[in-house]
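Below you'll find the structure, written out as structure tokens, and then a few comments.
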Amino acid sequence: MRALDAWLKRLVDAPLFAFDTETTSLDAVSAELVGVSFAVQPGEAAYVPFGHNYINAPQQLTRELVLAKLSALLEDPTRQKVGQNLKYDHCVLAGYDIELRGIVFDTMLESYVLDSVANRHDMDTLALKYLGHKTITFEEIAGKGKSQLTFNQIDIDEAAQYAAEDADITLRLHHALWPKLKAEPMLRDLFAKIEIPLVPVLSRIERRGVNIDTKMLAQQSGELKNKIATLEKQIHAAAGGPFNIASPKQIQEVLYDRLKLPVLRKTPKGQPSTAENVLQELAVDYDLPQLILEHRALSKLKSTYTDKLPDMVNPKTGRVHTSYHQAVAATGRLSSADPNLQNIPVRTAEGRRIREAFVAEPGDVILSADYSQIELRIMAHLSQDPGLLQAFDEGADIHRATAAEVFGLPPKDVTDEQRRHAKAINFGLIYGMSAFGLARQLRIDRSAAQEYVNLYFARYPGVKHFMDETRARAHERGYVETIFGRRLYLPEINASNHARRQYAERTAINAPMQGTAADLIKIAMLMIDDWIREDKKALRMIMQVHDELVFEVPESELEQAGGAIAELMSGVAQLTVPLVVDVGSGANWAQAHA
DNA sequence: CATGTCACG
DNA sequence: ACGTACGTGACATGA
């Protein structure tokens, strides 16, 4: 108790301290606090245990007492904190009605903003990379596999070594990383004005969770099970015997060895491919591939979604809590995991039924707001191509406008086929298209695809110039950047290996557009979260899907909310083109999207 | 634990 | 003469 009071004083007096929580679970919503650690300067750290409950565990201060003593400090925005992945700690503390404020640095995000291409930003990796220090790993104190202990079961002295080291290393890492970041004004601003403020916003979204109708999903699982069983019988009959349809290896043996179907494409490892586009091609001439495709599609829906999502409902909250990863995607996007809520089906009617199970609470509705064609608009802004700017300025159907230009027709005379091809060209542009890739997508000759590309660049010379300029700068500097200065390094941009170099060149084209879109929606999330809290709205932001934000809104707030959200999203930045936002609402996510 | 496949933007 | 559209995460199989 005296020791805690002494540390409390040191923390209050420190200009900055490192903070870390130790808990029973990696899942922040279910996690129970076991202890907290602090560091005020390198080499001086403390661990405060209060939840170790193994047999013969020493007497500890109670959690209530420790949190009561610490809460004012943790909630004080003027007491500056640094941590490693503080979103987790913010979310855990929220479970004890403590709002962690004064988050000014996060070493995971410092590392990510400095180099988003590095694929790991966990503390063990960073400590080795920047400090040459091998940390005590969690496995070393907790064991691994089935017999792994949770933190409450770990000997307090060992736990203290581990936890205190975490806080200490976090502080040291910050001292190593921050000077690098501070020296780059654009990166520093991106970090301080976007990534750091986003931490509590993401924490709130995750903790709030999403309401799903588990009964509806169970019903769908049952229906899928029957359809899959029927297909399985048909497939085995057509194949002349039973085999495991979930095994690409066995499908390959049936199709190519037993039935001697032509091998149209191979996998990277040289095996004959049974991927969707290959089977679609084969389905023109044979029955079996089509049946396999239908079986695969339904199995995917069942195993990944209708069976799994209900298992992911947190028994305490009755809702599904994803985790948004802020330091994974090299382009600056978020990713979503456990469960991934950014890949819920939408493209087929069967798949869309799953979105019907994403429902609002009684009295509320789901509201969805998405940016229309945001990456193409960013391309228009970055390239300043007159034709593209004009099309967006006029609010034209962009794919139709592209087709009209490329095929030399008035927009009203563009056929569905021509519009589909123009749409593929537009996607291709965003992806750093090659004629080969476009040809494969549209199943046309490479020469015909090349002709499309030539026609496009003749009509939109500003886009051509932008692409060339982007590539050239990437070669010169070794990185590309977004409008907000987010940087993506391209270590292979000058590689002697052609394939690797061209891959880097495509990334160079794509990253500024995908990354700027990511920056923009992050800013929108900050502004919307501010608005919700300032105006004390009852609505909640519950999901982000790259260019879409989803909300759960009381019916009484709906009318005003839609307009306000659309305006905030459109207004995040003044580009040369308008940022158009489409808003929809309904009882579930499927309806809100329509 | 790598591989192939497929869900999303 | 290369080998190919950008970014993710999850599942089942099979060594």
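By convention in this document, chain letters (A, B, ...) are assigned in the order of the sequence lines, proteins followed by strands, and residues within each chain are numbered from 1.
Closest to the side chain of A/F436, from the set B/dT3, B/dC6, C/dT4, is C/dT4. If you check B/dG9, C/dT8, B/dG4 against the side chain of A/A330, the one that comes closest is C/dT8. Distances were taken from every side-chain heavy atom of A/A329 (C-beta onward) to each of C/dG3, C/dG7, B/dG4; the shortest belongs to C/dG7. Among the nucleotides B/dA7, C/dC6, B/dC8, the one closest to the side chain of A/Y431 is C/dC6. Of the candidate nucleotides C/dT4, B/dG4, B/dT5, B/dT5 has the atom lying nearest to any side-chain atom of A/A275.
Here A/Q441 lies in heavy-atom contact (under 4.0 Å) with a base. Using a 4.0 Å heavy-atom distance criterion, A/A424 is classed as a base contact. Using a 4.0 Å heavy-atom distance criterion, A/L341 is classed as making no nucleic acid contact. Among the protein residues, A/T267 comes within range of the sugar-phosphate backbone only, with heavy atoms under 4.0 Å from sugar or phosphate atoms but none that close to a base. Within 4.0 Å of A/G428, counting heavy atoms only, lies at least one base atom of the nucleic acid.
For the residue pair A/S25/A/S30, the side-chain donor-acceptor check at 3.5 Å is not satisfied. In this model, no donor atom of one side chain and acceptor atom of the other lie less than 3.5 Å apart for A/N277 and A/R440. A side-chain donor from one of A/Q450 and A/N454 sits under 3.5 Å from a side-chain acceptor of the other. Side-chain contact, A/H475 with A/E505: a donor N or O sits under 3.5 Å from an acceptor N or O.
If you take CG of A/N277 and P of C/dT4, they are 13 Å apart, rounded to a whole angstrom. In this structure, A/R333 places its CZ atom 14 Å from P of B/dC8, rounding to the nearest Å. At whole-Å resolution of the value, CD1 in A/I344 and P in B/dC8 are 9 Å apart. The separation between A/E492 atom CD and C/dT4 atom C1' is 15 Å, rounded to whole Å. Separating the CG atom of A/N510 from the P atom of C/dA5 is a distance of 13 Å, rounded to the nearest angstrom. Spacing between atom CD of A/E375 and atom C1' of B/dG9 amounts to 7 Å, rounded to whole angstrom units. Between A/I251 atom CD1 and B/dT3 atom P the separation is 19 Å, expressed in whole Å. Protein atom CD of A/Q544 is 12 Å distant from nucleotide atom C1' of B/dC8, rounded to whole Å.
At C/dT8, none of the side-chain N or O atoms of A/Y324 fall inside 4.0 Å of OP1 or OP2 (strictly under the cut-off). Between A/R506 and C/dC6, a side-chain N or O to OP1/OP2 separation shorter than 4.0 Å is present. Contact annotation: A/R440 does not reach the phosphate of C/dT4 (side-chain N/O to OP1 or OP2, under 4.0 Å).
Position along DNA chain C of the nearest nucleotide to A/A499 versus A/T507 favours A/A499 as the more 5'-ward residue. DNA chain C is contacted by both A/Y503 and A/N497; A/N497 maps to the nucleotide lying nearer its 5′ end (nearest heavy atom per residue).
Salt-bridge annotation for A/K227 and A/E294: absent, with no side-chain N of the basic residue lying under 4.0 Å from a carboxylate O of the acidic one. Using a 4.0 Å cut-off between a side-chain N of Lys or Arg and a carboxylate O of Asp or Glu, A/E195 and A/R486 qualify as a salt bridge. Using a 4.0 Å cut-off between charged nitrogen and carboxylate oxygen, A/E417 and A/R420 count as a salt-bridge pair. A salt bridge links A/R471 with A/D468: the distance from a Lys NZ or Arg NE/NH1/NH2 to an Asp or Glu carboxylate oxygen falls below 4.0 Å.
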So what does the secondary structure string of DNA chain C come out as, 5' to 3', with Watson-Crick or wobble pairs under 3.5 angstrom, [ ] for crossing and | for pairs with another strand? .....|||||||||.

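Comparing C/dA5 with B/dC6, their P atoms are spaced 15 Å from each other, to the whole Å. Nucleotides C/dT4 and B/dT5 have their P atoms positioned 15 Å apart, rounded to a whole Å.
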Expected rows: protein N/O vs nucleotides 9-13 of chain C N/O, under 3.5 Å:
unit_1, atom_1, unit_2, atom_2, d
C/dG9, OP1, A/S335, OG, 2.6
C/dG9, O4', A/N340, ND2, 3.0
C/dA10, OP1, A/D338, N, 2.8
C/dT13, OP1, A/N244, ND2, 2.9
C/dT13, O3', A/S247, OG, 3.2

As a quick check of understanding, evaluate side chain to side chain contact (heavy atoms under 4.5 Å, CB included) for A/Y456 and A/L429, giving each step before the final call. CA-CA 10 Å; A/Y456 183 93; A/L429 290 161; 3.1 Å; yes

Please report, to 0.1 Å, the donor-acceptor pairs under 3.5 Å made by any side chain of residues 543-552 of chain A, with sequence neighbours excluded.
unit_1, atom_1, unit_2, atom_2, d
A/Q544, OE1, A/Q342, NE2, 3.0
A/Q544, OE1, A/H546, N, 3.0
A/E548, OE2, A/S368, OG, 2.7
A/E548, OE2, A/W589, NE1, 3.0
A/E552, OE1, A/R319, NH1, 3.4
A/E552, OE1, A/R319, NH2, 2.6
A/E552, OE1, A/R540, NH2, 3.3
A/E552, OE2, A/E361, N, 2.9

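The shortest non-hydrogen separation linking A/L224 to A/L298 is CD2-CD2, 3.8 Å.
The base of B/dG9 lies close enough to the side chain of A/R347 for a donor and an acceptor atom to sit less than 3.5 Å apart.
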